[in-house]
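In what follows, a single structure is set out as C-alpha cells and then discussed.
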Amino acid sequence: MTPRASESNASRPVAWMCAAFAAGALLHVDRVPLWASVVALGACAWRYAAACRPLQLPGKYQRAALAIALLIAVLATFRTLNGLAAGSALLVVMGAVKTLETHRRRDRFIVIGAALFLLLAACLDRQSLLRAPLYLLHVWLCCTALAVTAHPKQGLDDRAAIALAGRCLLYALPLALLLFVTFPRLPGAFWALPRQDEAVTGLSDTMSPGSITQLSESSDPAFRVWFEGDPPPPEERYWRGPVLYDFDGYTWRRRRFVNFVETPLEFEGPAYRYRISLEPHFNYWWFVLDTVKEPPQGPARVRITPDRQLVSAAPVFEPTTYEAVSHTRTRALGPLSTLARRASTALPPNRNPRTLALARSLRERAGSDEAYVEAVLTLFRTGGFEYTLTPPRLDFDSVDDFLFNTRQGFCGHYASAFVTLMRAAGVPARVVTGYLGGEWNPVGGYYIVRQADAHAWSEVWLEGRGWTRVDPTAVVAPDRLRRGIIDLLETGSAPARIIRRTPWLARVSQSWDAVNAWWNTRVIGFDFRTQLDLLGRLGIEATDWRPLGWLLAGGLTAWVLWIGWRLGRSPAPAPVDRLARAYARLCARLARAGAPRAPHQGPLAYAEALCAANPELGARTRPLLERYAELRYGGTAGNEYEMKVTAFERDVARLKVR
Amino acid sequence: MDAVQPLPRAIETLERIILGKPEQIRLCLACLLARGHLLIEDVPGVGKTTLAHALAHVLGLAWQRVQFTSDLLPADIIGVSVFDRATQQFHFRKGPVFTQLLLADEVNRASPRTQSALLEAMEERQVSADGTTYRLPEPFFVIATQNPHEQIGTFPLPESQLDRFLMRVTLGYPDAVHERELLRNGERRELLARLPPVLGPEAIVDIQRAVREVHVSDALLDYVQALTERTRTRTDLRLGLSPRAAQGLIRAAQAWAHLQGRSAVLPEDVQAVFPSVVAHRLERRDAADASGHAVADEILKAVPVPL
C-alpha cells in the first residue's frame, strides 16, 4: 500500500469528517429540499464505506458532472442562488460532492470547514432556544473532527479527541461571551440577509371569513408583554394589528398607503407602559395595545400610521423587543377627513344586496348613529347567531349568506358583517385585526399572547367621539373577552387544553415559556441599545460604539494573555494514550491529597517519596505505581496489554485517597 | 536468572573492601557490565587504585597495571616488534594492553601521544602494529585513574578522549564511621588477597549479554532524548551530549536496571547513572565549576519524565 493510499483510507478521520458534514446537513433538513439531504447523507455514507472496504469513489469527470447536475437542480428548485435557503441547499450539495474527493488531510479540513459553514447558515436562519443545544453539539462534533484530522500523531484516540475539542471550546467560551457582549451591534448590520424566500406566518393583511372553515388553534406565541404597573382589565386588552379598509364583498384588505391625514386625538384614562417581545412573523407591523400614544424608542425605524398601526421599515425576521405607551380610551379632537370618510364608507357595488336593504331599514328606524350601532348589536344578540371556530363555507355574497343563512361564525364573520352594515348606512367603519387577551405567566411575570388569540373587531366613527371600538363578537360570545379561545371551546382535542387542566404540566409549560422569553429578549434581542445600557451600568456614558470597541480590544487582549499563560504554564502536551491519562489522574488525585509528584520523578521514585511522606498511602499506592512502570516501560503486547491497562484504569478509579 | 546470582555476591565482596561507597561500587560494576571503560577521578589516597584492584580481583579477570608517566611511549602499552635472531624475523611482542582488564594509573601523566594510543585501543578493541591487526581479548576493560588537582607535568584528557570513557566515578572522602574502621583495620589490599574471585570471563560475557536484553521502551527513549536535547539547548554548556553518549547512557541504564534485578529500564535507572555518564562530557563555558555533576543534577531536575 502506498503511503498516500494509506493516508486517504485512514478510516477514523474520514468517519469523523463524514459525521461532521452529515450532521451539518441534518441541521438544514427541514429547510432544503429532501433530495439535497439525501445527496449529502448518501455521499457521506459512500465516502465512509470507501474508507473501510475496497470501493471505488467517482472519478474526476463523474464528480464534475455530478456538481453541474446538482447546481442545475438547485437553480431549478429555487430559481436563484441568492438568499439563505438557496445558499444553504447549494452548500449542502456541493459539500457532499467535495466529500467524494477527499484524499488528503487538506481535503478533510475543507469538508469540516464546509460543515462549520452549514452551522453558521443554520445559526443565521433560526436562533430558537431548542436549537441551541443542537448547534453546540454540532460545533463540538466539528472540533473533534478537526482534532482527529489535525493531530500529528494518529494516536489521538476518540475519547481524547472529544475531550480535547471540549476543552478548546471551554477556552473559547470567554471569548464568545466577550464578543457577544461587546461586539458593537450597529443597527442595519452589514450581515443582514435578503430573506425574500421566507414563508409568511401569523396574521396576514387580508381577511376572507367565508373561505375559512377551521380556525387555527395554534398555541405558538405571537408575542409576550411585560406591563410596568397594573395591566388594563381583560376586556380592554386589544392588541392592534393591520386595519382593513377595502372590501370586495368577500375579502377585506389592508390599504398599503394610507393617504389621509390623521385626526388629532386626546388620550384619556390611565397610561399603560409595557414592553413587548415580538416573535418573528415576517411582516411589517408591530403589535401594540390599542391605542398607542408614541412610537417606541430604539434603533429600528418605526412609525405610527394615521389609523394608529405601528409599522416598521423592515419585516420582523427575528425576535424583536420594544417598549410603548398606550391609552385604552381616546377622543377625536376634529372631524374625519374627506379621504378617510371615503375610504371607510366604500362598499362594492351590487354585492350583498340583502344586507344593504337591512341596513337601510335599520338606520331609518334608529334615530342616530349610536342608536343604529345598538340596533345592529341587538340583532346579533337576539338573531340566533352562534360563535364557532368551524363555520360553514360562505357564498359569493358572504355577508348576505352569513346574516340570513348560516348565522355561524367567529370574530372575522361578525366584524365583517358589522362593518358592512355600518357602511351600508353611511356610518364610517373599518375592520381592525390583531389579538385579544393574553395569558398570565406567573413564572416570567408577563402575558403571553398566542396565535390562537388572533381576533378581528370593528371601529365606527361617531361624531363627537371619533373612532370607537365595537366588538360584535363580544355580544355573541361575551366569554371570548375574558377567556382564551382554547378555554372557550370544549370540543376538539388540542393538547394545549390537557396541559392547561393539569396544574404541574401547566407549570412546566409556563416555565419553559418563561425561559424562551428570556432567551428571546436577553440573548437574541441583545442589541445596541442594551449594550449601551450595559455600558451605562458599568459607569461608562456612551453614545456611540467606540467605548464598546475599547472594551472589546481590552477583553481580547486579556483573553490572549490568559490563553498564553495557560499554554505557557503547561508545557507538557496533554497525555494522548489511556495509560498516560490514567496515570495523570492518579498523580492528580495524590497531589490533591498533599503528595504531588515532582515532574522529574519516575513512578518508583515517586512511590519511595510517598512511602517516606505518608507510609499508609504509600503502601497502598506503591503496587499501582509499580504496575504503571511495568506497563509503561516493560514490553507491550497487544490484547493482554490492553486488558492490563483497562484493569489499571479501573484500579486507579477505585483507589481511595483519603 | 542464574547470571544474577553471582552479582549480589560480587557487590557484597566489593563492599567489604571499599567501605561506605555502595553507590560508586554499583556504578563501576554497571559501567563494566555495559561494556564501557571506567575513569576513576579523585584526590590521592581515597582508594582509587584499591577500587580498581578490587574490581579486577572480584571479576576474576586477567589484569595488567600500567603506571603512566610522562616518558611512557605508545609501544610500552601496545607492544613492540623485535627482531628475532634465531628465526631472522620481526616478532611482535604484545604489550600490557593485551589483557582482560587494564589498570591505567594516573592516565593524565602520559603524553598525549601515548594517551591516544591507549584510547584508540579502547575504542577499537584491537591494536594495529606493523600492518597487522591484533584483536584484544574479550572481555576487555580499561579502568583509568587520574588526579584532577595535579597540574604540573600533566596532560589533561581532552573532551574527545574523555568521551571514550563510559563513566567517570568520583569516590570522595569516606564518612566518619567508615574512616574509623579503615584506620583500625589497616590496609585493605591485604584483605583482597584472601578473598576468592566471584566472577570469571565467561560469567561476565553472559551477564553482558543479559544486560543487552534488558527492555528499552519507546517511552524511555523519549525521556533519554528529552535529556539529551536539554544538554544541547542549554547556553551555558560548551557542548551537548553526542549520540554516542546517549547510546552509552542507555547501555549504562540497562546495566543498572539489571543490577536492580529488573527486566526493563525505568527513568529511575537513567537518573541513577546519568551524572556519572554525562558529567565528564559536559563542560561549562565559564569553567568556574570543574565538576559537571551539578549541571547533570540540574538537567535531571529540569526535564520532566514523560507520562
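What you see is a predicted model, and the numbers here were worked out from it, not measured in a lab.
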Suppose we screen for salt bridge (Lys or Arg N to Asp or Glu O under 4.0 Å). Which residues come up paired with D175(B), at least two apart in sequence or across chains? none

Give a yes or no on whether [X] atom [atom1] has more than 12 heavy-atom contacts from other residues, nucleotides or ligands under 6.0 Å away.
{"X": "R244(B)", "atom1": "CZ", "value": "yes"}
{"X": "Y171(A)", "atom1": "OH", "value": "yes"}
{"X": "W559(A)", "atom1": "CH2", "value": "yes"}
{"X": "Y48(A)", "atom1": "OH", "value": "no"}

Backbone of H600(A) reached by a side-chain donor or acceptor of Q271(B) within 3.5 Å: yes

When rounded to the nearest 0.5 angstrom, what is the spacing between CD in Q260(B) and CG in L604(A)?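 Here the rounded value is 10.0 Å.
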
Of all heavy-atom pairs between [X] and [Y], which one has the smallest distance, and what is that distance?
{"X": "V305(B)", "Y": "G602(A)", "value": "CG2-N, 4.0 Å"}
{"X": "S217(B)", "Y": "G634(A)", "value": "CB-O, 4.4 Å"}
{"X": "A219(B)", "Y": "Y633(A)", "value": "CB-CE2, 3.8 Å"}

Atom group of L300(B) that falls short of 4.5 Å from chain A, counting heavy atoms: backbone

Structural part of Q601(A) lying under 4.5 Å from a heavy atom of chain B: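 The backbone, not the side chain.
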
Evaluate the side-chain proximity of K301(B) to P599(A): yes if any heavy-atom separation is below 4.5 Å, no if none is. no

